[in-house]
Amino acid sequence: MKPSILVVLFLTLIVVHPFIHGCTDNRNDATHGDSDSDADSDADADTDSDSDSDTDSDADSDSDTDSDSDSDTDSDSDTDSDIPVSSVLLPFDANESDLSGPDGWGTTYGKRPEIIVSVSGDAFDVLAQDYDDSTSHTCVLMHIKPKGNDDYRVSQALTDLPMLDRVMGLASDDQGNRYYAVGIDESDDISTDYPPVGEYRSDIVRVVKVDPKGDVVFNIDLDIARGQAGDDPERIINPMVAATARLAYGNGSLALVHGLNTDPDSGDVRHQKALTTHLSAEDGSIERTASIWCSHSFDQRVFHDGTGFIEYHLGDAYPRYVVLARVAPDSGSYPAFYIKGNLGANNTHTRLGNVALIEDDATYGYLALFATESTSGTDPVMGNFSSIAGPRNLGLVRIAANFEELDGQSLEHLDPSLPDTLEVNSSGTDRTNQLQWLTNYDLDASSGTSAERPKLLPIGDDKYIALWEQWSVTAGNNYYAFDGVYGLAITADGDILKGPDLITDAHHLHRGDDAFTLNGNAAWITGDRAQKALYLHLVDDALAYKKITIE
């Protein structure tokens with residue numbers, strides 16, 4: 001079943017939802033054996049002697065007569081001919097379907113990805129959710145190359161790959177291999193009784209490696225593989241519920257982090273938390289089945305800093321703060337910012353951004369961006385908006401390069417020289433946050449203007465571009481309206497070089513997808529449903545904006 005383009009994500013403190021099975025006719029799963037009714041011994045439903053699901057005599061899973069797994073009819077999977085986006089993809093359109101602002105309850109939680117980008121030099125790969133109900137595939141893996149000045153084209157489009165309902169993550173290595181994760185959409189069938197406690201299930205999440213030619217190198221049935229790894233690891237239930245997912249590559253390993261539901265507790269209640277799995281990028285074998293504990297984790301990021309994987313979470317309970325953790329090797333949870341309000345309140349008043357590396361500072365190694373209400377109170381400040389307790393501003397913290405060696409509870413891993421503080425009561429304890437505000441939307445909330453969807457992009461020489469959406473309350477305080485995407489150019493010290501400037505008021509930043517750096521520019525991708533096109537948005541260090549159509 002393909003997901004509707006109108007997806008409303010809602011969560012309460014306790015999440016119990018129903019279940020929809022993934023698209024099984026696109027699976028590439030040898031563990032099921034020969035379960036069909038044809039005359040051969042393979043697991044597909046045709047009568048030829050190969051192991052794919054088509055009726056030709058080659059070993060790939062498409063319907064053409066070549067030996068690769070792409071959607072064209074030549075013998076290589078990276079063709080010289082450009083492939084129109086419209087021939088393989090009906091993309092997610094944020095201008096139609098991602099219109100929630102500061103007052104939306106769904107924006108309390110991370111959003112499932114839609115158009116995921118992994119950069120390789122001046123080219124990039126895209127894993128995109130497909131919303132065309134007339135096609136059999138649920139997603140497309142594309143390789144996009146520059147063809148000249150301000151011109152990018154699809155040179156490879158793979159639609160016959162192992163798929164489930166939803167895209168979850170994409171990463172790549174220096175050899176041009178792509179790694180992606182897909183998951184089931186089972187929110188409509190989760191209950192206190194389903195799935196049964198202790199059961200590892202097939203086709204819940206898959207992690208797949210695809211080589212540069214488009215051939216599948218491995219296809220890991222993740223929940224089954226976790227169960228076979230030993231020590232009774234946590235089961236994958238309702239992946240990405242009240243959260244998102246990210247996949248990262250580094251030093252021959254993969255890390256997949258996402259939200260999920262737990263097994264029922266003693267009161268028959270399923271809770272929400274985050275789960276991480278590490279795999280070998282060589283053969284897909286399981287290397288690790290857990291990382292830090294973060295429950296509730298309403299949004300997640302993961303990246304490799306050259307030494308190990310680092311995670312970044314929006315924690316609502318256990319702990320209630322913006323979490324930074326080095327998980328390979330272990331460090332435990334370090335607070336980047338204490339969130340005001342009661343433990344497990346669901347409303348964190350905060351939106352997760354991301355972490356960027358600082359290159360040339362021996363003391364501080366990371367910048368962490370988020371957006372949060374710059375007030376201490378939790379009571380509503382605007383009559384029509386019960387969840388708004390102040391204007392949301394961009395906050396930045398600097399984190400020690402060796403943070404995992406320092407005492408997290410004393411906050412000695414955070415730069416004390418940053419100019420701003422915010423006093424909050426977090427989970428019943430008074431806390432002082434040391435940070436730098438990058439925006440100054442009205443502290444009395446009289447205008448209701450707030451920052452949403454923060455992104456931080458390194459563009460070289462320890463310079464960065466911060467992007468975010470500005471939303472303001474309309475006349476009469478009836479609803480929030482999108483004002484546009486804004487940008488700042490800053491240094492690793494947090495000094496503002498330029499801005500804030502309006503970048504564009506015609507296109508959104510995706511809530512569920514990361515922006516990225518491309519050729520020294522901050523960049524992001526959006527889709528146009530009506531034109532069946534992708535747009536590449538570029539912002540340079542002078543905050544000059546350019547939009548390129550990938551058709």
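Start at 1 with the first residue, then count along the sequence. As the structure is a computational prediction, the values presented were derived from the model and not from experiment.
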Next on the checklist: salt bridge (Lys or Arg N to Asp or Glu O under 4.0 Å), that's the test. Do Glu114 and Arg166 meet it? Break it down for me.
Outcome noted: CA-CA 8 Å; Glu114 301 285 355; Arg166 295 291 315 185; 3.1 Å; yes

Rounded to the nearest 0.5 Å, how far does [atom2] of [Y] lie from [atom1] of [X]?
X	Y	atom1	atom2	answer
Arg206	Ile220	CZ	CD1	8.5 Å
Tyr109	Asn346	OH	CG	3.5 Å
Asn521	Ile465	CG	CD1	7.0 Å
Asp221	Asn219	CG	CG	7.5 Å
Leu314	Thr244	CG	OG1	12.0 Å
Leu509	Ile525	CG	CD1	12.5 Å

Next on the checklist: Can you confirm if the NZ or CZ of Lys111 lies within 45° of the ring axis of Phe92 and under 6.0 Å from the centre of its six-membered ring?
Outcome noted: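 Yes, Lys111 and Phe92 form such a contact.
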
Next on the checklist: Ring of Trp293, cation from Lys273 - is the NZ or CZ under 6.0 Å from the centre and inside 45° of the axis?
Outcome noted: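 Flagged: Lys273 positioned over aromatic ring of Trp293.
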
Under the ring pair (Phe, Tyr, Trp, His ring centres under 6.0 Å) rule, collect the residues that match up with [X], sequence neighbours excluded.
X	result
Tyr249	Tyr179
His413	Tyr334
Tyr364	none
Tyr535	His507

Okay, side chain of [X], backbone of [Y]: is any donor-acceptor separation there less than 3.5 Å?
X	Y	value
Asp407	Gln409	yes
Ser191	Tyr194	yes
Arg326	Phe309	no
Thr517	Pro458	yes
Asn261	Asn238	no
Ser297	Cys294	no
Asp316	His296	no
Asp165	Asp185	yes
His137	Cys139	no
Gln272	Ala242	yes

Carboxylate-amine/guanidinium proximity below 4.0 Å for [X] and [Y]:
X	Y	answer
Asp283	Lys209	no
Asp513	Arg112	no
Arg511	Asp98	yes
Asp263	Arg235	yes
Arg178	Asp211	no

Checklist entry - Taking it one step at a time, do Phe124 and Tyr152 satisfy ring-ring contact (aromatic ring centres under 6.0 Å, His included)? => result CA-CA 10 Å; Phe124 54 92; Tyr152 285 80; 5.7 Å; yes

Checklist entry - Out of Tyr338, Phe337, Trp468, which one pairs with Phe370 under the ring pair (Phe, Tyr, Trp, His ring centres under 6.0 Å) rule? => result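 The option that passes is Phe337.
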
All side-chain hydrogen bond (donor to acceptor under 3.5 Å, both in side chains) counterparts of [X], not counting sequence neighbours:
X	value
Glu311	Thr276, Ser291, His313
Tyr321	none
Lys340	Glu373, Thr375
Arg301	Asp299

When you check the side-chain N and O atoms of [X] and [Y], is any donor under 3.5 Å from an acceptor?
X	Y	result
Gln300	His258	no
His271	Asp265	yes
Glu452	Thr107	no
Thr277	Arg288	no
His537	Thr526	yes
Asp125	Tyr180	no

Next on the checklist: Show every ring-ring contact (aromatic ring centres under 6.0 Å, His included) that has at least one partner inside residues 156-175, sequence neighbours left out.
Outcome noted: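 As it turns out, there is no ring-ring contact (aromatic ring centres under 6.0 Å, His included) pair with a partner in residues 156-175 once direct neighbours are skipped.
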
Item to check | Summary of ring-ring contact (aromatic ring centres under 6.0 Å, His included) pairs that have at least one residue in residues 195-219, sequence neighbours excluded | outcome: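 As it turns out, there is no ring-ring contact (aromatic ring centres under 6.0 Å, His included) pair with a partner in residues 195-219 once direct neighbours are skipped.
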
Next on the checklist: Using side-chain heavy atoms (C-beta onward) and a distance below 4.5 Å, is Leu324 in contact with Ile399?
Outcome noted: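 Contact flag for Leu324/Ile399 side chains = yes.
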
Next on the checklist: Going by the rule side-chain contact (heavy atoms from CB on, under 4.5 Å), which residues pair with Ala290 if we only count those two or more places apart in sequence or in a different chain?
Outcome noted: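 Testing Ala290 for side-chain contact (heavy atoms from CB on, under 4.5 Å), a comparison that skips the adjacent residues, returns none.
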
Checklist entry - Would the number of heavy atoms belonging to other residues, nucleotides or ligands and lying under 6.0 Å from CG of Asp174 be above 12? => result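 Incorrect, the count does not exceed 12.
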
Checklist entry - Just wondering, more than 12 heavy atoms not from Asp305 lying within 6.0 Å of its CG? => result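 Above 12, so yes.
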
Item to check | Audit row: Arg398, Asp361, salt bridge (Lys or Arg N to Asp or Glu O under 4.0 Å) steps and yes/no | outcome: CA-CA 11 Å; Arg398 284 162 46 91; Asp361 190 321; 3.3 Å; yes

Item to check | Sequence-distant partners of Glu412, salt bridge (Lys or Arg N to Asp or Glu O under 4.0 Å), two or more places apart | outcome: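 Per chain and number, Glu412 pairs via salt bridge (Lys or Arg N to Asp or Glu O under 4.0 Å) with no residue.
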
Item to check | For Leu222, the option from Asp203, Ile286, Val182 that meets side-chain contact (heavy atoms from CB on, under 4.5 Å) | outcome: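 That would be Ile286; it is the only one of Asp203, Ile286, Val182 passing the side-chain contact (heavy atoms from CB on, under 4.5 Å) with Leu222.
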
